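Chain A is the first sequence line, chain B the second, and so forth, proteins listed ahead of strands; every chain is numbered from 1. Bear in mind that the values here come from a model prediction, so they are computed numbers and not experimental data.
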Amino acid sequence: ATAQTGATIKEAAAATDKALTIPPWSKQPGALVGSRPYGKPSEFESGVIRHLRKTDKQYFSSSTRTPLQELDGIITPNGLFYERHHNGIPDINPVEHRLVVHGLVDNALSFTLNDIRRFPSQSRIYFLECSGNPGYAVYGKTAAEVNGLVSCAEWTGVSLKTILQEAGLKPEAKWVIAEGADGAGMTRSIPLEKCLDDAMLVYSQNGERLRPEQGYPLRLLLPGFEGNMSIKWLRRLQVADQPVHSREETSKYTDILPDGKAREFTFVMEAKSIITSPSGGQQVDGKGFHEIRGIAWSGKGRISKVEISLDEGKTWQPAQLQTPVLSKALTRFRFPWEWNGEPVVIQSRATDETGYTQPTLESLVAVRGVNNTYHNNAITPWRIASDGKVTHARA
Amino acid sequence: ATAQTGATIKEAAAATDKALTIPPWSKQPGALVGSRPYGKPSEFESGVIRHLRKTDKQYFSSSTRTPLQELDGIITPNGLFYERHHNGIPDINPVEHRLVVHGLVDNALSFTLNDIRRFPSQSRIYFLECSGNPGYAVYGKTAAEVNGLVSCAEWTGVSLKTILQEAGLKPEAKWVIAEGADGAGMTRSIPLEKCLDDAMLVYSQNGERLRPEQGYPLRLLLPGFEGNMSIKWLRRLQVADQPVHSREETSKYTDILPDGKAREFTFVMEAKSIITSPSGGQQVDGKGFHEIRGIAWSGKGRISKVEISLDEGKTWQPAQLQTPVLSKALTRFRFPWEWNGEPVVIQSRATDETGYTQPTLESLVAVRGVNNTYHNNAITPWRIASDGKVTHARA
Amino acid sequence: EQKFGFGQPVTQEDIAAWDINVFSDGRNLPDGSGTVAQGASLYAQQCASCHGAKGEGASGDKLAGGAGTLASSKPVKTIGSYWPYAPTLFDYIRRAMPLTAPQSLSNEQVYAVTAYLLHLNGLVAQDAHLDAKSLAAIRMPNRDGFVPDPRPDVQQQSGSSEKQANDKPLAQPQ
Amino acid sequence: EQKFGFGQPVTQEDIAAWDINVFSDGRNLPDGSGTVAQGASLYAQQCASCHGAKGEGASGDKLAGGAGTLASSKPVKTIGSYWPYAPTLFDYIRRAMPLTAPQSLSNEQVYAVTAYLLHLNGLVAQDAHLDAKSLAAIRMPNRDGFVPDPRPDVQQQSGSSEKQANDKPLAQPQ
Ligand code: HEC
Ligand code: HEC
Ligand SMILES: [Ca+2]
Ligand SMILES: [Ca+2]
Ligand SMILES: [Ca+2]
Ligand SMILES: [Ca+2]
Ligand SMILES: [Ca+2]
Ligand SMILES: [Ca+2]
Ligand SMILES: [Co+2]
Ligand SMILES: [Co+2]
């Protein structure tokens with residue numbers, strides 16, 4: 001079968017020795033109940049972790065990737081949610097933490113965590129994706145290396161609109177400038193329209209409080225927008241008439257074009273998909289039935305269609321979408337496939353409810369060049385060799 | 001605000017000293033990126049764990065509870081998913097593990113984990129609940145103590161129907177007897193109808209592989225049925241013409257009635273709900289707006305309605321249900337409420353799509369007595385005293 | 001119905017070591033036998049520490065007594081008072097006991113200790129010798145004590161004019 | 001619009017220490033000033049180890065050079081070649097640098113090192129003295145280098161008769 005677990009699963013015995021013996025775990029008590037007050041994965045899954053790029057120059061500002069090829073479903077467990085920090089992971093005491101809302105408001109306010117949690121709450125399943133996922137260095141060996149800066153969780157918090165209404169917006173208000181309490185003081189400007197739409201201030205992720213890596217105790221969440229804007233460790237919201245033009249929305253997170261101009265305020269993550277099984281680094285164990293599995297998502301709403309090509313993009317056939325298909329959440333797709341043992345390139349492309357279809361790298365590069373850095377949502381093709389080895393078809 | 005976090009959150013400063021200072025985490029780098037390849041919660045949340053009952057005589061066969069009052073949304077993080085083991089937690093090597101399907105089938109088969117994962121997969125969000133949640137000892141101090149043997153996750157695996165079709169069912173097949181590979185050799189008989197309906201064999205939970213505590217590497221999952229039947233560490237499925245009448249479906253998991261007779265094969269978990277905030281052990285911090293929050297679920301399908309009573313059950317008002325409302329999954333409900341500072345009893349009751357409404361303890365006991373042990377889905381009333389202290393209204 | 005061809009065919013021989021389900025009618029009980037006396041000595045060595053010298057219970061369940069209590073306010077559920085089928089006892093002990101070393105007893109030992117526990121409950125004589133046939137023949141006192149699930153069984157309340165949920169403590173045994 | 005009454009009202013004075021956003025037009029730049037010479041010495045002590053003696057970059061970003069490269073196959077994006085607004089430099093250094101001790105510099109020190117970095121990029125003279133007004137007055141070379149987001153910008157393909165996705169390696173700089 002397609003190797004897709006952290007433990008290397010091998011056929012344990014030759015076909016000639018099929019007599020079942022009673023394994024040790026059936027003949028002894030297991031670990032005592034209560035010995036794991038907060039659980040963790042099996043030791044046999046210890047390889048399923050978030051990886052750094054070994055080539056990074058320093059690890060104050062860097063990222064780790066969700067091991068997409070090891071995961072099923074649409075929920076990313078909190079321990080494997082991708083990371084992008086600009087000056088490490090702060091360890092914030094929630095009792096000391098404050099959120100200040102000021103600027104073009106009727107009443108500047110400072111909130112404790114308890115204040116924030118007291119407002120009406122909502123829970124939503126949304127993906128988050130770094131706009132540099134994967135940059136234009138598209139030769140990642142595995143699905144994680146290609147697209148591992150995306151994850152999905154159930155977030156709970158308060159609508160940002162509720163908080164802004166509490167402070168009272170002045171008529172000149174047009175942007176909200178969000179700032180983190182980390183050593184990077186991460187700062188991004190958000191159009192007011194988004195802030196009054198589906199933006200949230202979240203304090204919980206997948207049921208429990210946010211992890212420090214995802215902004216504990218409070219994070220801004222902008223569904224469908226590039227991850228960097230969902231400011232972690234949120235300490236301040238300044239309502240303004242214009243964007244601040246912070247370093248993170250000028251020097252970084254702008255998309256340079258072949259003519260030297262750069263796009264600014266490129267917020268939305270366009271529709272994308274990737275096949276996670278079989279995917280780079282895996283082994284297809286023989287001819288016959290295999291289910292092609294993957295994830296699709298769009299910052300503009302629901303995924304309406306995912307298609308699979310088995311002939312280098314000449315023809316496309318619809319995949320099954322796991323329901324419920326949620327807006328701005330990962331959507332799991334599946335495609336039943338008989339492999340005849342011959343070399344093949346497999347790829348997926350997503351279409352969202354606006355009718356937008358994920359492009360090929362070629363058509364994307366034709367418009368944006370290769371120095372664009374962000375918002376590469378190109379199709380990822382995987383090549384399967386006759387021995388079943390799966391590699392990036394562009395490598 | 002309602003105290004609902006693991007860290008004890010207090011107002012940090014008196015109102016006379018509001019000048020904000022720059023906290024230490026804004027003035028230094030945080031932990032290096034990549035230093036937490038598999039993340040865990042903040043140290044400030046170290047109190048949010050699964051608890052044992054201190055009164056249990058031994059911890060080979062015991063349970064730990066999900067801290068419902070600390071959680072938001074509907075997904076239970078894997079580290080806090082409730083536990084019920086009958087001889088501890090085995091540590092199974094997935095390479096060695098086998099599932100045998102035999103009995104009234106055309107072809108008895110032995111499957112490796114890879115074989116299982118190769119079948120068409122599906123992902124579904126379902127709750128699991130122990131039928132002894134809470135027994136009839138209904139005086140738990142907290143929501144966890146009352147109803148903490150329920151959790152909810154996104155499960156991925158193969159439809160049990162697919163596996164049974166692979167082996168080929170003989171016409172006499174009526175029951176499937178499932179057996180665990182743990183030291184308890186846990187054994188339960190499942191009606192074939194359920195096995196061909198929504199039953200699954202699952203290998204992943206909330207994206208990642210099952211945790212050892214939830215049956216790694218393979219578990220049976222019977223949506224809506226009492227948790228004990230979703231056999232963990234699944235090693236065998238014997239197709240039979242009758243139930244085996246194992247110790248776990250005769251001596252245990254049968255419901256004794258006042259006349260000394262006991263109900264057997266009481267599988268479905270009927271509709272239930274509990275208010276998790278404000279709930280026992282918490283403190284309502286003053287008059288004014290509070291959002292009453294909680295969870296509802298039914299083993300028979302979707303929750304259609306949750307109602308709140310603020311007058312000891314005399315009148316009931318509908319709560320808001322968080323969408324999407326999923327079949328046999330937790331459903332989050334919310335109810336906006338102004339507290340006038342006077343003592344009050346708050347309670348919730350759930351109705352499911354079959355029209356069944358969660359009963360009071362009185363009406364349930366009137367039929368079943370108090371020695372029934374299992375399937376107590378009664379309404380839990382919380383009393384709020386004038387000082388804001390929340391206690392079990394029956395205590 | 002699509003067949004995928006995954007999994008290894010196995011024979012009855014291949015799975016013999018795992019094929020331990022004993023049905024309530026005694027089906028699949030193995031060969032072998034044991035006596036109450038043998039069981040008493042095994043019980044004293046390997047079971048009494050958790051279940052008490054005479055099955056009165058300790059860290060492990062109470063294994064004898066309770067006859068006639070099921071309809072009382074404090075039902076005592078034991079093998080003798082509650083279990084509907086004797087073969088289940090063989091099944092359970094073989095797979096799960098002693099707790100610290102499940103599946104360590106031989107079939108003979110399981111027959112023996114099963115016989116002893118049935119004797120402790122007054123269900124077989126002091127000199128009983130149990131095998132597949134004699135074990136399956138035992139009729140347990142609570143054999144007819146089980147009824148099917150009639151739920152929904154609780155009268156439905158609805159609307160806001162109904163009888164109120166009482167928040168007063170409920171009288172509760174133990 | 002319901003008001004809940006949660007949160008503490010705060011004055012401009014209360015939040016002064018946190019109110020550090022500097023807008024692109026220089027709004028909210030603080031009092032104070034600094035010289036290129038002061039900045040050079042501070043830079044050598046506190047910045048050069050990560051950014052190189054002359055801003056050529058090391059573990060930290062390259063801070064000077066790259067003029068005229070943006071439209072090339074290897075754009076070099078620095079303060080001088082890429083940043084649209086000079087006040088942003090003050091804003092960023094004050095909140096985030098030095099990486100090991102953010103918010104440790106005085107406003108004077110930030111003005112000084114900002115002046116030095118602008119000088120390294122040939123944007124202010126050797127003897128420059130920067131304050132709120134003069135910093136806001138600097139026009140950065142790439143001031144007009146940014147365009148709004150025109151997406152969706154990529155021609156859509158659909159159906160199964162379209163141009164095929166190439167699986168061949170794509171020529172890629174660096
Ligand atoms: C180390 C402790 C320990 C030892 C030794 C032990 N038991 Fe047990 N026994 C238990 C516990 C604990 C349970 C309850 C398990 C559960 O909750 O599933 C149990 C349950 C049982 C039951 C089921 C009772 C019922 O009414 O459901 C039987 C029968 C039993 N044991 C027989 C034996 C026999 C026979 C031996 C020796 C061969 C033995 N036990 C040795 C701890 C022990
Ligand atoms: C210990 C290493 C270190 C020290 C010391 C340091 N920096 Fe940095 N600097 C970095 C890193 C790493 C980044 C990139 C941060 C990121 O990715 O967000 C950076 C980014 C910058 C940038 C943004 C560059 C761009 O084009 O976006 C400026 C400006 C800067 N530093 C100035 C300074 C100044 C001025 C000092 C001294 C007062 C200083 N740095 C000290 C490591 C350092
Ligand atoms: Ca073998
Ligand atoms: Ca307060
Ligand atoms: Ca203070
Ligand atoms: Ca195989
Ligand atoms: Ca029966
Ligand atoms: Ca602009
Ligand atoms: Co990013
Ligand atoms: Co249970």
Under a 4.5 Å heavy-atom cut-off, does chain B meet the side chain of [X], its backbone, both or neither?
| X | result |
| --- | --- |
| C/R27 | side chain |
| C/I79 | neither |
| C/Y82 | side chain |
| C/I15 | side chain |
| C/Q103 | side chain |
| C/P148 | backbone |
| C/A101 | neither |
| C/W18 | both |
| C/D61 | side chain |
| C/T11 | neither |

(request) Have a look at B/I379 and tell me which of B/I275, B/T360, B/T357 forms a side chain to side chain contact (heavy atoms under 4.5 Å, CB included) with it. (result)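 Result: among B/I275, B/T360, B/T357, B/T360 is the only option passing the side chain to side chain contact (heavy atoms under 4.5 Å, CB included) with B/I379.
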Would you call [X] and [Y] a side-chain contact if the rule is heavy atoms closer than 4.5 Å?
| X | Y | result |
| --- | --- | --- |
| B/N377 | C/V154 | no |
| B/I346 | B/L310 | yes |
| C/R143 | C/Y85 | yes |
| B/H102 | C/V10 | no |
| C/C47 | C/Y116 | no |
| C/L70 | C/K77 | yes |

Counting only heavy atoms not in [X] (residues, nucleotides, ligands), do more than 12 fall under 6.0 Å from its [atom1]?
| X | atom1 | result |
| --- | --- | --- |
| B/K161 | NZ | no |
| C/D31 | CG | no |
| C/K3 | NZ | yes |
| C/E13 | CD | no |

(message) Which residue is it: C/H129, C/K133, C/E108? I am looking for the one with a side-chain hydrogen bond (donor to acceptor under 3.5 Å, both in side chains) to C/S33.
(response)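 When side-chain hydrogen bond (donor to acceptor under 3.5 Å, both in side chains) is applied between C/S33 and each of C/H129, C/K133, C/E108, only C/H129 qualifies.
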Which region of [X], side chain (C-beta onward) or backbone (N, CA, C, O), has a non-hydrogen atom less than 4.5 Å from a non-hydrogen atom of chain C, or is it both or neither?
| X | result |
| --- | --- |
| B/R368 | side chain |
| B/T354 | neither |
| B/I116 | neither |
| B/T380 | neither |
| B/A167 | backbone |
| B/Q58 | side chain |
| B/Q242 | both |
| B/V268 | both |
| B/E166 | both |
| B/F119 | both |
| B/D241 | side chain |

Which one of [options] has the most heavy-atom pairs closer than 4.5 Å to chain B?
| options | result |
| --- | --- |
| C/P152, C/P87, C/G145, C/A58 | C/G145 |
| C/N21, C/T100, C/D91, C/T88 | C/N21 |
| C/D19, C/D144, C/N142, C/T69 | C/D19 |

(request) Just say parallel, tilted or perpendicular for the rings of C/Y92 and C/W83, cut-offs at 30° and 60°. (result)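 Taking C/W83 first and then C/Y92, their aromatic rings stand perpendicular (interplane angle over 60°).
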(message) Which heavy atom of C/L29 sits nearest to which heavy atom of C/A136, and what is that distance?
(response) CD1-N, 4.4 Å
(request) Could you tell me which non-hydrogen atom of C/F90 sits nearest to which non-hydrogen atom of C/V22, and how far apart they are? (result)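 Minimum heavy-atom contact is CD2-CG2, 4.1 Å.
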Determine the option with the most heavy-atom pairs under 4.5 angstrom with chain C, choosing from [options].
| options | result |
| --- | --- |
| B/D259, B/L99, B/T187 | B/T187 |
| B/G183, B/A240, B/G103 | B/G183 |
| B/L364, B/N87, B/I177 | B/N87 |
| B/K300, B/M186, B/Q317, B/H375 | B/H375 |
| B/K57, B/E248, B/R263 | B/R263 |
| B/G355, B/A262, B/S309 | B/A262 |

(message) Show, in sequence, the C-alpha distance, side-chain angles and deciding distance for B/Y374 and B/Y253, and conclude whether the ring-ring contact (aromatic ring centres under 6.0 Å, His included) test is met.
(response) CA-CA 7 Å; B/Y374 305 101; B/Y253 299 97; 5.1 Å; yes
(request) Could you walk me through whether B/F265 and B/W175 pass the ring-ring contact (aromatic ring centres under 6.0 Å, His included) test, one step at a time? (result) CA-CA 12 Å; B/F265 304 134; B/W175 293 77; 5.2 Å; yes
